[in-house]
Amino acid sequence: MFPPRWRFSWDRCTEVDLFTDRHTLSQAISAAAAEEPDADGSVLYGQLKGTVVGLKYYTGVVNKGEMVGLVREPQNPYDSNAVKVTNIYGSQVGHIKRQLAAAMAYVMDKTLAKVEGVVYSGTNNAFSMPVILSFWGKEENKNAVTEAMVRRGFKLDTGGIKLAGANQTSSNSPGAWTMASKKGLTTRLTANELKNAFDNLFEGLMESKDGEKEAAESVSTPLLLHQKQALSWMCARENKCALPPFWEKRGELYYNSLTCFSAKEIPERVRGGILADDMGLGKTLTTIALILTNFQKGKPLPVEKCEEQSSPRKASTKSQMVSKPEGSSSAGDGAGGSDTAAGSLCADSAKMEVICVDTPDVVEKADKSEKSAGKGKMKATKRKPKAPVLLEDLDFAAALCGSSSDTAFKKKKTTVKAGPSQSVESSIIESADDLSARTTLIICPLSVLSNWLDQFEQHVQADVKLNVYLYYGSERNRSKKFLSSQDVVITTYNVLSADFGNKSPLHGISWLRVVLDEGHVVRNPNAQMSKAVLDLKAQRRWILSGTPIQNSVKDLWMLVAFLRLKPFDAREWWNRVIQRPATQGEREGLQNLQTLVKCITLRRTKSSEVNGRPLVCLPEKTVCVEQVELSQPEREEYELARNEGRNTISRYMAEGTVLRNYADVLAVLMRLRQHCCHPDLLAKTSSDLGVAATPAELREHLIEKLRLVLASGSDEECSVCLDSIHLPVITHCAHVFCRPCIAKVISTEEETARCPLCRTEIKTNELVEFPQEEIEEENSANSVKWRTSSKVQALMGNLLRLRCEDSSIKCLIVSQFTRFLNVLETPLREHGFSFVRLDGTLSQKKRAQVIQEFQSSGADSPTIMLLSLKAGGVGLNLTAASHVFLMDPAWNPATEEQCIDRCHRLGQKRNVFVTKFIVKDSVEENMVKIQRKKQDLVEKAFGSTNTNRKTSRIDDIKALMEL
DNA sequence: ACCGCCGGGTGCC
DNA sequence: ACCGCCGGGTGCC
């Protein structure tokens with residue numbers, strides 16, 4: 001039944017596919033898959049004055065000018081056409097009068113229109129009140145809706161409704177807007193202004209946030225000025241009872257100036273926000289400082305100190321954290337069983353005894369298990385029996401109860417004194433916060449896991465024992481008691497969403513704080529991951545992100561929803577009040593968006609200044625392009641492939657089926673790009689993807705396509721989990737997913753499962769995976785006889801020259817093709833370079849090891865890192881390198897920038913040199929041109945229609961293939 | 001609801 | 001009186 005809509009979505013997905021990075025793809029999918037029609041493109045069909053009846057039966061109240069929700073109530077026993085009227089918090093106000101409800105039910109049930117209501121008068125009436133209804137929807141449904149309403153005796157007014165007694169209405173309401181625009185009071189922004197406004201949304205947010213706060217003494221790294229400011233801001237956001245944006249106190253009531261909603265209770269304050277500092281400004285350090293500095297009631301996190309420094313903390317933490325999964329079952333269970341959530345001690349001093357008695361038991365068990373893991377001296381062995389533990393707990397209790405507790409060592413006297421006062425205070429506090437929450441949960445992409453572990457080691461005083469648990473790996477300890485007794489639990493988005501719905505311990509805990517690192521990765525609200533993230537229980541929530549808005553306002557909703565910014569965490573209110581007005585260029589909407597963002601975000605860029613001085617002084621960065629000429633035989637091969645590809649694509653052009661055959665177009669371009677790097681990158685078998693006649697042939701073709709995708713090792717991500725693909729499988733419609741992901745999709749979709757990308761029907765037994773033998777066979781084939789290529793020569797020339805100039809220089813060699821990295825290993829070895837390699841296939845453990853090895857300054861440390869573009873995307877700290885060689889251009893220049901920023905960031909001491917290799921007269925050159933053109937295009941095409949963006953894609957392909 | 005609607009009581013002026 | 005009119009009971013969907 002969907003064809004028109006799904007065809008449209010398919011086009012949209014695939015066209016994005018090629019020319020922007022994968023984040024955009026997933027976004028396109030999310031837009032296409034979203035159940036409710038996109039609010040952005042809605043037009044106002046007209047308005048109608050209706051009546052809300054039955055007020056006396058419900059408790060929900062509304063104010064003059066307040067927006068109300070209209071909810072179909074098909075199960076109503078009196079009228080299946082019933083339409084319920086609710087206020088912003090979802091309390092029912094009444095019903096729409098019967099006849100009108102019947103008409104509305106028709107258009108609402110057919111999703112021909114979305115109806116929104118605003119109440120301007122009669123809010124104190126006892127029985128009924130008027131409501132202004134606005135009908136919104138897609139342009140193409142306008143007539144159908146208007147006619148359907150007229151048939152039932154309701155005429156949609158398109159000129160704006162005269163509202164008796166509504167002279168000072170809120171101007172954000174659709175009705176008022178219509179009136180205002182008629183009078184010419186509101187002018188819409190031009191596409192360009194709008195674009196600028198979005199770009200600047202996160203700029204200049206430093207306003208009145210310039211207090212400073214010193215970190216707790218358990219933080220060993222001195223904070224830079226801007227980090228102290230961030231810490232101060234974050235503490236304030238966690239502790240202060242400031243009203244959320246748009247809320248104000250009016251007499252006894254709390255009033256939201258945007259929706260005109262008011263409530264007796266104080267709206268749930270948003271404790272947390274978005275730290276959107278540029279990469280490299282130390283978001284991780286600031287967050288660690290926050291964890292240690294701002295525990296309950298603004299006191300530092302009480303931590304145990306180790307007196308003897310006999311064992312290097314590094315080793316102990318490392319083993320504690322990383323080895324946990326292996327030896328954890330016994331240690332974890334033991335700890336889980338006895339380590340009562342520490343915070344509950346405060347309210348109950350009898351319980352405090354329990355932990356004192358129990359703790360040695362923990363020590364014993366943990367001790368045993370860790371010894372058995374053979375990791376030498378462990379955290380638990382250092383844990384002194386009884387007395388220090390008692391001290392810790394007393395101190396902890398003291399911290400909870402607000403007595404001064406600046407050091408981890410406290411005299412018993414102090415804590416005893418805290419005893420009596422605590423019972424009084426706790427009874428007051430308890431209602432507000434769950435003081436037993438101790439743990440901060442950090443969720444991050446796999447690629448930055450090790451960075452977090454490193455940073456905890458690096459920035460926490462060596463003698464402070466911080467319980468950091470890495471919730472990762474199949475042996476992870478799923479005990480809720482154990483987890484909630486930690487100071488910090490770190491996990492990945494994938495683990496979180498894998499656990500979700502599967503009696504996830506992470507969702508059963510009330511966290512003190514949840515931190516989403518690289519928070520912009522969660523943006524598709526329909527993805528399992530997003531649901532998993534939204535479902536977490538926490539007192540305080542933070543989003544860390546270098547790029548909070550990547551493409552549109554739409555992304556912001558996820559962030560707002562995570563922060564529970566009432567009432568915008570409900571999609572309807574977000575769409576009505578923020579997203580639609582903003583995307584349609586209403587100044588008011590944009591202003592509101594700006595205000596909203598401003599209230600919850602701290603963002604500084606590398607170029608921001610504090611007190612007239614730049615935040616950070618980064619060494620200079622020089623980027624140059626080195627043109628590579630192909631050798632005669634390479635050129636001949638290239639031209640051959642190009643002509644072949646041109647024929648294929650011209651045929652599609654002529655047929656007008658380019659976008660339908662995108663997989664093949666992609667394949668052609670991929671092959672050409674591979675030619676530019678090295679001939680061995682090309683898949684070996686049949687290069688012609690003709691029409692498959694037999695099932696065997698089809699399978700062969702699919703494997704071939706899969707091979708292409710995998711060989712790129714680059715920008716492929718699974719559009720279900722939005723992470724890199726594990727256990728890749730290809731569908732008959734030639735889309736690649738993780739096997740577990742697509743299997744889940746197939747099993748959840750009732751009746752017939754459809755491909756998330758193109759909505760073709762898919763079946764489990766039709767999924768094709770890459771034959772295992774072939775992977776091995778190819779690997780061995782590659783190493784048999786090695787040959788060079790022009791690009792390899794160009795790189796080696798540079799490397800050899802550099803080594804002569806200064807043998808301490810370290811380089812990143814970046815390619816999108818992991819196979820190219822394979823190829824490069826041979827000449828590097830030949831010339832005696834010491835190198836490491838980092839790509840998506842590396843396990844977490846190995847990854848951390850590789851980075852540490854590369855970053856170390858030892859004389860025999862590796863000087864070169866082979867880095868796959870994708871793996872180098874976010875979070876990594878590779879400041880040991882000062883030279884970056886980008887072996888092949890990426891579709892999205894931002895990806896390249898991100899990669900360069902791995903080394904051009906805080907902590908870089910040398911000037912950074914970036915060399916981009918581009919093959920002359922090739923698809924690569926055209927890609928660079930398009931990269932540049934795309935920048936302009938984005939500006940011009942902002943707000944343009946899908947159709948002309950599609951045309952520009954086709955134009956791009958023409959340009960790439962020089963057609 | 002200071003309405004509309006229903007249905008019973010009532011019936012010249 | 002198979003009506004009109006009056007006034008009480010009543011009331012979302």
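Convention: sequence-line order gives letters A, B, ...; per-chain numbering from 1.
- Donor-acceptor pairing under 3.5 Å, judged by distance alone, is absent between the side chain of A/Asp79 and the base of C/dC13.
- A gap of 25 Å separates the C1' atoms of B/dC2 and C/dC13, to the nearest Å.
- Distance CE (A/Met129) to P (C/dC13): 14 Å, rounded to an integer number of Å.
- Nucleotide C/dC12 holds its P atom 9 Å from the OH atom of A/Tyr58, rounded to whole Å.
- If you check every strand for non-hydrogen atoms under 4.0 Å, A/Lys84 touches nothing.
- For A/Phe127 and C/dG11, the ring-to-base geometry does not satisfy the stacking test (centroid distance below 5.5 Å, interplanar angle below 30°).
- Residue-level contact check: A/Leu55 touches neither bases nor backbone, having no heavy atom under 4.0 Å from any strand.
- By the stacking rule of 5.5 Å between ring centres and under 30° between planes, A/Tyr78 does not stack on the base of C/dC12.
- One C1' atom belongs to B/dA1, the other to B/dC6, and the distance between them is 15 Å to the nearest Å.
- Contact check on A/Asp499 versus A/Arg478 returns a salt bridge, with a Lys/Arg side-chain nitrogen under 4.0 Å from an Asp/Glu carboxylate oxygen.
- Between A/Trp247 and A/Phe261, the angle of the ring planes goes over 60°, which puts this pair in the perpendicular group of the 30/60° scheme.
- Residue A/Tyr57 contributes atom OH, which lies 16 Å from atom P of B/dA1 at whole-angstrom precision.
- In this structure, NZ of A/Lys97 is placed 9 Å from C1' of C/dC12, rounded to the nearest angstrom.
- In plain terms, the two heavy atoms of A/Cys260 and A/Glu66 that are nearest each other are O-OE1, 2.9 Å.
- Base orientation of C/dA1: syn, the glycosidic angle falling within 90° of 0.
- In summary, of the residues considered (A/Leu516, A/Ile443, A/Asp535, A/Val522), a side chain to side chain contact (heavy atoms under 4.5 Å, CB included) with A/Leu496 occurs for A/Ile443 alone.
- Between the CZ atom of A/Arg98 and the P atom of C/dC12 there is a distance of 10 Å, given to the nearest Å.
- Atoms CD (A/Gln92) and C1' (C/dC13) sit 9 Å apart, rounded to a whole Å.
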